[in-house]
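For reference, the structure is listed below as structure tokens.
Heads up: numbering here begins at 1 and tracks the sequence.
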Amino acid sequence: MKIAVFGWYGHDNAGDERIKFCLSHFLRRLGGIEAIDFFDLHEQGIKGATNQFDHYDLVIIGGGGLILSHHNYHDFILGIDTTIITIGVSVETELIGNPKNFALSLLKKSKVFLVRDRGSYEKLYKFDVDKKVNISSDLTFLLPYEPLHIQNKNEIGVNLFAKPRNSLMLKKAPFTFRVLNKIGFKNYPRVLCFSKITKKLKSSYELLPIPLYCVPQSQNLPEYQMNDINFMKKYFQNVPHYFNDQDIDKCQLFISMRLHGLIFSVQKGIIPLTFNTYPKQINFMTDIGLEKGIISVNKMEEMDKRAEYFIKSQSEYSEKILSLNKKYSEIIQEDMINSLNLV
């Protein structure tokens with residue numbers, strides 16, 4: 001069997017590259033796989049309908065937060081003649097315009113449709129006339145990181161990225177911001193500032209910056225386009241130049257703005273915290289019963305109190321998330337095998 005997989009691959013994003021690793025290893029262990037080729041969905045999707053992938057036996061769309069882009073991917077999906085399964089994805093925007101059309105094309109063409117959180121399921125529900133959509137879990141649970149024996153530490157991992165204060169404004173006026181940045185206005189659109197909360201946390205804890213999006217970049221990009229490394233240099237003197245999962249091992253808590261920072265933390269049995277910046281982080285924390293670990297960006301000053309609470313309650317929450325780790329791993333492995341049996 002030859003398989004083509006489409007996601008957000010090849011961008012030095014720790015979450016997507018871990019998905020690739022876990023999915024590839026899981027499929028190869030099943031046997032009977034001649035080739036597994038990974039492609040960037042955006043790069044291929046914007047080209048429209050093609051027969052380039054008709055010689056594959058199976059096309060996998062996933063995983064990741066793929067139902068997000070306002071580009072036209074639906075012509076590409078509708079033009080594929082090979083059997084399609086959609087697995088481990090989430091919906092990261094309102095289903096209007098091209099995101100809706102993309103979702104509808106996936107619903108029409110997919111033999112199987114697995115989302116990784118309840119929030120995505122609820123967004124798709126009214127469009128799912130054939131009742132294909134089911135809730136599963138993230139594809140990295142196919143081969144989760146090994147859980148750790150947590151020791152008393154005073155170190156907190158931190159992952160921050162450049163989140164525009166008004167993402168809607170950025171979508172509506174990208175040309176304007178490109179012009180402003182070219183003529184020297186490097187701070188537009190403005191991004192969230194974490195100076196006060198990092199300073200506050202540093203007064204009580206050792207903070208370890210952990211980048212997850214590490215794609216090579218020039219140094220003169222505007223803030224809203226920076227990778228995690230360049231952005232966190234605003235707040236930390238020494239930021240690693242690549243993601244290393246063993247950095248999470250050193251921490252008692254992991255404050256991560258990226259979903260896979262939260263997922264990796266859970267897999268290792270470390271309590272995750274986050275901000276309410278994107279649906280996928282909120283959905284994941286809600287699904288695992290850690291709503292108290294979601295901090296509003298309008299109330300960042302609460303983060304240190306919340307960190308103190310979770311450190312004191314560590315044994316209770318660590319045991320809970322380790323049981324979820326086992327549960328999610330069993331769910332996605334069973335769902336994957338069942339999905340492949342339907343092909």
Side-chain angles (χ1 to χ4, degrees), residues 1-10 13-41 53 56-67 77 80 82-92 103 105-121 124 128 130-147 245 259-260 262-264 266-268 280 283-284 287-288 321-343:
M1 176 183 280
K2 295 181 68 175
I3 301 175
V5 186
F6 295 89
W8 203 59
Y9 301 114
N13 183 287
D16 295 286
E17 296 312 307
R18 183 68 183 177
I19 288 173
K20 178 180 177 181
F21 175 84
C22 294
L23 181 57
S24 178
H25 276 251
F26 180 82
L27 291 172
R28 292 188 186 281
R29 283 191 313 192
L30 295 178
I33 307 294
E34 179 185 346
I36 308 168
D37 298 323
F38 289 82
F39 300 92
D40 183 292
L41 174 64
F53 304 98
Y56 285 93
D57 301 295
L58 177 65
V59 165
I60 296 176
I61 308 298
L66 300 182
I67 306 180
I77 297 299
I80 294 175
T82 307
T83 300
I84 296 175
I85 62 173
T86 297
I87 54 175
V89 301
S90 54
V91 181
E92 300 304 318
S105 68
L106 290 174
L107 287 167
K108 179 179 179 179
K109 297 283 288 190
S110 298
K111 188 95 172 176
V112 174
F113 201 122
L114 301 177
V115 295
R116 60 186 180 181
D117 60 76
R118 179 164 295 278
S120 297
Y121 174 84
L124 290 164
D128 184 20
D130 296 320
K131 305 305 175 191
K132 292 182 179 179
V133 181
N134 288 290
I135 303 171
S136 187
S137 60
D138 188 78
L139 289 175
T140 61
F141 284 100
L142 288 170
L143 191 64
Y145 286 118
E146 289 292 323
D245 75 276
L259 172 64
H260 279 94
L262 308 177
I263 290 174
F264 296 161
V266 165
Q267 291 176 356
K268 289 171 176 285
K280 56 187 174 184
N283 289 337
F284 179 73
D287 285 351
I288 65 173
I321 62 177
L322 281 174
S323 67
L324 288 171
N325 183 17
K326 183 174 183 293
K327 171 187 170 183
Y328 286 153
S329 182
E330 291 173 350
I331 287 173
I332 190 61
Q333 290 187 36
E334 181 178 353
D335 285 344
M336 277 295 304
I337 290 171
N338 290 339
S339 299
L340 292 171
N341 285 338
L342 289 173
V343 174

>> Determine whether L342 and V112 satisfy the following criterion, side-chain contact (heavy atoms from CB on, under 4.5 Å), listing intermediate values before the conclusion.
In response: CA-CA 8 Å; L342 289 173; V112 174; 3.9 Å; yes

> Between CG of D335 and CZ of F141, what distance do you get to the nearest 0.5 Å?
Replying inline: 13.5 Å

> Below 4.5 Å, heavy atoms only, C-beta onward: do I67 and L106 meet side chain to side chain?
Replying inline: yes

> Considering all heavy atoms of both residues, which atom of G63 and which atom of L139 are nearest to each other, and what is their separation?
Replying inline: N-CD1, 3.5 Å

>> Please check: side-chain N/O of K280 versus main-chain N/O of S90, any donor-acceptor pairing under 3.5 Å?
In response: no

>> Could you check whether any side-chain N or O of D128 sits under 3.5 Å from a backbone N or O of V133, counting only pairs where one atom can act as donor and the other as acceptor?
In response: yes

>> If I compare all heavy atoms of Y9 with all of D40, which pair ends up nearest, and what's the gap?
In response: O-OD2, 3.6 Å

> Are side-chain heavy atoms of F26 and I337 found at a separation under 4.5 Å?
Replying inline: yes

Expected list for residues 17-25: side-chain donor-acceptor pairs under 3.5 angstrom, two or more places apart:
| from | atom 1 | to | atom 2 | distance (Å) |
| --- | --- | --- | --- | --- |
| E17 | OE2 | G10 | N | 2.9 |
| R18 | NH2 | L143 | O | 2.8 |

> Of all heavy-atom pairs between S120 and N283, which one has the smallest distance, and what is that distance?
Replying inline: N-ND2, 4.2 Å

> Closest heavy-atom contact between S137 and I332?
Replying inline: OG-CB, 3.2 Å

> Is there a donor-acceptor contact under 3.5 Å from the side chain of S329 to the main chain of N325?
Replying inline: no

> Got a second to check how far K111's NZ is from L58's CG, nearest 0.5 Å?
Replying inline: 11.0 Å

> Got a second to check how far I135's CD1 is from D117's CG, nearest 0.5 Å?
Replying inline: 8.0 Å

>> Contact between V343 and D57 at the side-chain level, heavy atoms closer than 4.5 Å - yes or no?
In response: no

> How long is the gap from CD1 on I80 to CD1 on I61, to the nearest 0.5 Å?
Replying inline: 5.0 Å

> Only one of D130, T83, T86 clears side chain to side chain donor-acceptor pair (under 3.5 Å) with S110; which?
Replying inline: T86

> Checking Q267 side chain against Y145 main chain: does a donor-acceptor pair fall under 3.5 Å?
Replying inline: yes

> So, K132 side chain and K108 main chain: donor-acceptor pair closer than 3.5 Å or not?
Replying inline: yes

> Does the side chain of H260 pick up a donor-acceptor pair with the side chain of N13 at under 3.5 Å?
Replying inline: no

Contacts table for residues 1-8: side-chain donor-acceptor under 3.5 angstrom, sequence neighbours left out:
none

> Are there more than 12 heavy atoms of other residues, nucleotides or ligands under 6.0 Å from atom CZ of R28?
Replying inline: yes

> Do K326 and L322 come within less than 4.5 Å of each other through their side chains, counting heavy atoms only?
Replying inline: no

>> Using side-chain heavy atoms (C-beta onward) and a distance below 4.5 Å, is L259 in contact with E92?
In response: no

> Under 3.5 Å, is there a donor-acceptor pair between the side chain of T82 and the main chain of F53?
Replying inline: yes

> Any side-chain heavy atom of I84 within less than 4.5 Å of one from I77?
Replying inline: yes

>> With rounding to the nearest 0.5 angstrom, report the CZ to CG distance, F284 to D287.
In response: 8.0 Å

> Taking atom CG of L27 and atom CG of L142, what is their separation to the nearest 0.5 Å?
Replying inline: 8.0 Å

>> Using a strict threshold of under 4.0 Å (side-chain N to carboxylate O), is an ion pair present between D245 and K268?
In response: yes

>> For a quick test of reading the model, state the closest non-hydrogen atom pair linking T140 to I263 and the distance between them.
In response: OG1-CG2, 3.4 Å

